[in-house]
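Everything below concerns the one structure shown next.
Scope of the values below: all heavy atoms of this structure, side chains included, with no hydrogens, waters or symmetry mates. Model, not experiment: these values are computed from the prediction. Below, chain A is the first sequence line, B the second, and so on; all start at residue 1.
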Amino acid sequence: MAEVTAVAKLPSNGRSKFLQRFIRHRLALLGGLTLLFLFIACFGAPIFAPFPKNQQDLLLGPVPPSFEHLLGTDDLGRDYLTEILYAGQVSLLLALSVALVSTAIGVLVGVLAGYKGGWVDNLFMRITDLFLVVPAIALLALALQGLGRSPFSIVLVLSLIGWTYIARVVRGQVLSLREREFIEAARVIGANDRQIIWKHVLPNLGGVIAVNVALAVASAIIIESTLSFLGFGVQPPQTSWGNMLSQASGLIGTSKVYLLYFPGLFILIAVLAVNFVGDGLRDALDPRSGSGSMQGRKRK
Amino acid sequence: MSPVLEVRDLVKEYPVRGGLLRRETNTVKAVNGISLTLERGKTLGLVGETGCGKSTVGRCLVNLVTPTSGAVLLDGQDLSKLTAKELRAARRRIQLVFQDPYASLDPRQSIASILVEPLQLHKLAQGQESQRISELAELVGLSQSVLEQYPHELSGGQRQRVGIARALALEPEIIVLDEPVSALDVSVQAGVLNLLDELQVRLNLAYVFIAHDLSVVRHISHEVAVMYLGRIVEQVTTDKLYENPLHPYTKALISAVPVPDPRIERSRQRILLEGDLPSPLNLPAGCSFKSRCWKSTELCDTLPSLNAQDEHFVACHHPEKA
């Protein structure tokens with residue numbers, strides 16, 4: 001038993017190891033901090049923004065970036081940084097909701113299809129095929145035309161289209177999990193399907209789900225921006241990064257073209273940051289990556 | 001004494017699907033009519049080579065696999081005819097320990113939560129769960145500190161002890177041990193086998209011990225059944241089987257066990273089986289061992305039945321002379 005106590009003293013707890021690996025991933029850390037900064041700046045806009053929202057200064061008109069207006073002002077003399085921060089609230093919130101809702105739908109479908117197998121699996125997978133072959137943008141534009149363009153319907157429609165990827169990934173994982181002996185072991189001690197799914201299947205999907213949420217946020221920001229740019233997304237007077245781009249798009253070829261760059265830059269930064277976080281999560285949650293986790297490799 | 005577990009004419013077939021429409025084209029007979037009885041507090045060894053269906057039998061016993069025909073009777077109750085609720089209750093009485101201690105523990109659960117799970121599922125030791133799992137850990141020779149750890153932090157032997165503790169949590173009468181030590185180092189095997197021995201005496205457990213290693217089975221079993229391609233070819237008390245094997249297959253198996261004495265080992269006569277295991281997809285008519293048997297005659301084209309002479313069951317037309 002001496003060996004047992006020696007092993008017990010090793011400071012190895014799953015959670016702290018995960019944190020170590022994540023921090024070691026420099027880009028992920030940078031992405032995480034950037035994202036945190038963006039969130040605080042956008043949602044703390046009433047505190048941090050240099051000017052009140054929508055404060056017009058018609059006499060000033062559009063001015064280029066200066067110390068007083070870091071990103072300049074638009075035609076109505078509104079401080080552009082302030083506008084971008086408030087628009088960020090809408091963009092980030094939409095993206096996050098879409099990521100969470102679509103992941104929830106995808107996980108539900110994926111788990112049911114993978115775990116039940118048979119006709120349930122077939123049915124769900126043919127439905128995902130259907131979603132994958134129809135061009136998403138066209139579908140989105142049509143759906144939003146019909147449902148109206150409130151943020152709620154945007155989240156709904158984007159989620160209804162975005163769940164297919166995670167559903168496929170989860171289904172694949174569940175198919176392999178289902179055959180693992182610890183699932184059978186749970187059945188032998190008397191657990192039913194519901195208990196097995198909650199206690200053994202979902203926790204083992206945690207990594208995949210976390211990674212997917214991150215990557216879905218990134219793609220949702222882009223899709224929302226695309227839609228808003230095309231005029232199908234967030235409608236003025238509500239602003240998002242996408243429709244700020246759209247409003248500024250008329251300025252190409254004029255001296256005020258910087259108004260187009262700034263929202264684009266914020267989209268770029270947010271998407272890159274979220275992607276880095278996603279990569280970091282994936283690496284940190286995979287026991288085979290990084291060092292000091294030989295034990296995770298023991299099986300097979 | 002009435003047996004606690006009885007298996008009657010157990011058959012398990014797996015369909016083989018092929019072609020574009022995935023039609024059933026053939027069946028694999030993994031288990032082909034097996035009958036066994038197990039008495040309280042005794043151990044029945046089930047041996048055979050890889051693919052002979054012994055693990056499938058084990059899975060049928062705990063109803064992880066539903067038999068195609070035949071019955072598993074727990075105190076006279078047919079497991080496959082129980083309702084979900086009754087089955088849950090029956091599961092308390094018959095538990096399974098898996099072969100692979102790496103795959104059979106959920107990597108995301110701590111040992112404590114693995115051991116608490118069966119208690120919660122059956123509402124046992126309510127309010128005293130943590131006390132009970134400490135007891136269980138002690139029972140299988142694990143230190144209390146292991147409870148806070150995760151499976152990947154434990155050695156193979158420790159993991160298998162966790163698997164045994166999980167089975168014991170429900171206070172079963174029967175434990176099916178599916179090659180419980182074959183994934184472990186030889187030095188660790190002995191420890192786990194002795195633990196199983198001890199637990200049997202202390203808790204009056206009945207074991208079905210599935211293995212392919214004859215020396216391990218000899219150590220722990222009261223009675224041994226030898227399986228070949230889904231059928232039992234010989235069944236008798238352990239001592240008799242090792243002293244006086246009647247079936248040629250058993251004889252060949254026993255002759256393959258090395259003897260830890262170089263002088264005897266050198267002079268020992270070994271029987272090398274020729275040929276391969278016939279495909280279970282296409283079993284030959286008659287005795288399934290005839291393709292590898294040095295004694296086979298025309299008589300072997302008919303299936304030998306399992307006959308007893310002084311409680312020594314053997315299915316062979318040409319048994320060794322007793």
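- Of the two parts of B:Leu105, only the backbone, made up of N, CA, C and O, holds a non-hydrogen atom closer than 4.5 Å to a non-hydrogen atom of chain A.
- Counting heavy atoms from C-beta on, the side chains of A:Phe276 and A:Leu35 never come closer than 4.5 Å.
- The interface of residues 163-186 of chain B with chain A, defined by heavy-atom distances below 4.5 Å, comprises B:Arg166, B:Leu170.
- Open room surrounds CZ on B:Arg202; 12 or fewer heavy atoms of other groups in view lie less than 6.0 Å from it.
- Heavy-atom minimum distance, B:Pro107 versus A:Phe182: CD-CE2, 3.6 Å.
- Side-chain contact check for B:Tyr207 versus B:Val97: every heavy-atom pair is 4.5 Å or farther apart.
- The distance from atom NZ of B:Lys54 to atom CZ of B:Phe209, rounded to the nearest 0.5 Å, is 11.5 Å.
- A heavy-atom distance below 4.5 Å is found between the side chains of B:His152 and B:Arg159.
- The nearest pair of heavy atoms linking B:Val146 to B:Ile111 is O-CG1, 3.4 Å.
- Closest of all the heavy-atom pairs between B:Leu121 and A:Gly190 is CD1-C, 4.1 Å.
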(request) Determine, step by step, whether A:Val107 and A:Ile209 satisfy the side chain to side chain contact (heavy atoms under 4.5 Å, CB included) criterion, reporting the C-alpha distance in whole Å, the side-chain angles of both residues, the deciding distance to 0.1 Å, and the verdict. (result) CA-CA 8 Å; A:Val107 169; A:Ile209 294 172; 3.8 Å; yes

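- Inspection of non-hydrogen atoms places no residue of residues 97-105 of chain A under 4.5 Å from chain B.
- In this structure, no portion of B:Gln144 lies under 4.5 Å from any heavy atom of chain A.
- Contact of B:Gln109 with chain A is made through the side chain alone, with heavy-atom distances under 4.5 Å.
- Scanning both residues, A:Ala218 and A:Val274, for their nearest heavy atoms gives N-CG1, 3.8 Å.
- Side-chain contact between A:Met125 and A:Thr128 is present, with at least one heavy-atom pair separated by less than 4.5 Å.
- Salt bridge annotation for B:Glu135-B:Arg132: present, with a cationic side-chain nitrogen under 4.0 angstrom from a carboxylate oxygen.
- Distance check, rounded to the nearest 0.5 Å: CG of B:Leu115 to OG of B:Ser130 gives 12.0 Å.
- With respect to B:Lys12, the side chain to side chain contact (heavy atoms under 4.5 Å, CB included) criterion is satisfied by exactly one of B:Ile34, B:Thr68, B:Val57: B:Thr68.
- Closest heavy-atom contact between A:Gly278 and A:Ala214: CA-CB, 3.7 Å.
- Proximity to chain B at a heavy-atom threshold of 4.5 Å picks out nothing from residues 161-179 of chain A.
- Between the side chains of B:Thr43 and B:Gln200, a donor-acceptor pair is found at a separation under 3.5 Å.
- Atoms CD and CG, on B:Gln160 and B:Leu154 in that order, are 12.0 Å from each other to the nearest 0.5 Å.
- Residue B:Asp106 is tested with A:Lys199, A:Arg180, A:His200 for a side chain to side chain donor-acceptor pair (under 3.5 Å); the sole match is A:His200.
- Between chain B and the residues A:Ile183, A:Asn192, A:Ile189, the largest count of heavy-atom pairs under 4.5 Å involves A:Ile189.
- Contact annotation for residues 73-95 of chain B against chain A (heavy-atom separation below 4.5 Å, listed by residue number): B:Arg88, B:Arg91, B:Gln95.
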